[in-house]
Number of protein chains: 2
Amino acid sequence: MSTTLLPVIQPEAVACCTPLTSETIDAERADDLAKKLKALADPTRLRLVSIVAASEGGEACVCDLIEPVGLSQPTVSHHLKILMEAGFLTRSKRGTWAYYKLVPGALGQLSQLLDVTASR
Amino acid sequence: MSTTLLPVIQPEAVACCTPLTSETIDAERADDLAKKLKALADPTRLRLVSIVAASEGGEACVCDLIEPVGLSQPTVSHHLKILMEAGFLTRSKRGTWAYYKLVPGALGQLSQLLDVTASR
DNA sequence: ACACTCCATCGACGTTTGTCAATATTCGGA
DNA sequence: TCCGAATATTGACAAACGTCGATGGAGTGT
């Protein structure tokens, strides 16, 4: 398999903080990062994020998510709550329905933290 | 700041593939991604990766990692094994010492998968 | 050969996690 | 006002996880 060239955008605005490995990450930041990664580190939750992102208007209600992931309604609600608390999704209720939507920069910010680490 | 081009070595294992949310991620890919994220989703393991990356020559032996993370030697070895099995670290033994090093593109690849997701 | 150091594995433990059924809550319609 | 539908919460349980102490194996130096 060949090699390709990939454009790398220099982070003029480096997410928020300092590069991840210029110095050793401190325990507090490690804890924070781990929490977010943990929220994403589940196949069901990854699929939920993916489905929501790919949905009409970028949002989906719980009832639309149950069948695709093949789990019970309480379990789906549970996963959505975890994703919300980690800052990846937002919920807006309209009538009896709860619509979940991606938080715009959330995944990108997480991605940048890893990327900076990866660059060394 | 300008943009540069970074050579990316295509791993013989596919793993690169299609954007994460152009279509709904399938269960198999979600499982794979989740495994890697799970390996990183622990504060101790994040610190280990960070310390190894920031170490002299990009590598560190177990004895140098124990004190910084403040855990027992077996626990540190356990975490390092998990990071190895997930493809983030490699081990090379020299004498009695075991030196761990970052796998060059591993974090970047993971980062890209999230980034693609983030772009929508 | 011996002792010592570095590291991995094993066995055990308390905690966290993912899942479900049952129940509660909230809202819209008849 | 009562009923049904969409979600959230609770309680329970098995599986996975993070940690440790004890032990084992492999190198090094004496």
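In what follows, chains are A, B, ... by sequence order, proteins preceding strands, each numbered from 1.
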Value in whole Å for how far the C1' atom of D:dT7 lies from CD of A:Glu67
18 Å

Would you indicate what A:Lys93 reaches in the nucleic acid, counting non-hydrogen atoms under 4.0 angstrom: base, sugar-phosphate, or nothing?
nothing

Nearest non-hydrogen partners of B:Ala30 and A:Arg47, listed with the distance:
CB-CG, 3.5 Å

Is any side-chain heavy atom of A:Leu83 closer than 4.5 Å to a side-chain heavy atom of A:Tyr100?
no

Between P on D:dC17 and CG on A:Leu37, what's the gap in Å once rounded to a whole number?
16 Å

Just checking A:Tyr100: base, sugar-phosphate only, or nothing, at a heavy-atom cut-off of under 4.0 Å?
sugar-phosphate

Under 4.0 angstrom, heavy atoms only, what part of the nucleic acid is B:Arg91 near: base, sugar-phosphate, or nothing?
sugar-phosphate

How close or far is atom P of C:dA8 from atom CG of B:Leu65, stated in whole angstroms?
10 Å

Closest-nucleotide mapping onto DNA chain D: is A:Lys38 or A:Leu80 further toward the 5' terminus? I mean the 5' end.
A:Leu80

Distance in angstrom units between B:Lys35 NZ and C:dG18 P, rounded
15 Å

Going by salt bridge (charged side-chain N to carboxylate O under 4.0 Å, His left out), name the residues that satisfy it together with B:Lys101, two or more places apart in sequence or in a different chain.
B:Glu59

Under 3.5 Å, side chain of A:Arg45 to main-chain N/O of A:Ala39, donor-acceptor pair present?
yes

Without decimals, in angstroms, what is the distance between A:Leu83 CG and D:dT7 P?
16 Å

Atom CD1 of B:Ile82 to atom P of D:dA16: distance rounded to whole Å?
14 Å

Just to verify, which of B:Val103, B:Ile82, B:Leu80, B:Leu110 counts as forming a side chain to side chain contact (heavy atoms under 4.5 Å, CB included) with B:Phe88?
B:Leu110

Ignoring hydrogens and geometry, is there a side-chain-to-backbone donor-acceptor pair from B:Arg91 to B:Ala98 under 3.5 Å?
no

Between P on C:dA21 and CD1 on A:Ile66, what's the gap in Å once rounded to a whole number?
13 Å

Taking the nucleotide of DNA chain C with the closest heavy atom to each, which residue, A:Arg45 or B:Trp97, is nearer the 5' end?
B:Trp97

Rounded distance in Å - CG (A:Leu48) to P (C:dG18):
12 Å

Compare side-chain N and O positions of B:Lys81 against OP1 and OP2 of C:dT9 and report whether any pair is under 4.0 Å apart.
yes

Are A:Ser50 and B:Thr24 linked by a side-chain donor-acceptor pair shorter than 3.5 Å?
no

Pull out every protein N or O sitting under 3.5 Å from an N or O of nucleotides 19-25 of chain D, one pair per line with the distance.
residue: D:dT19; atom: OP2; partner: B:His79; partner atom: NE2; Å: 2.4
residue: D:dC20; atom: OP2; partner: B:Ser72; partner atom: N; Å: 2.9
residue: D:dC20; atom: OP2; partner: B:Ser72; partner atom: OG; Å: 3.0
residue: D:dC20; atom: OP2; partner: B:Thr75; partner atom: OG1; Å: 2.8

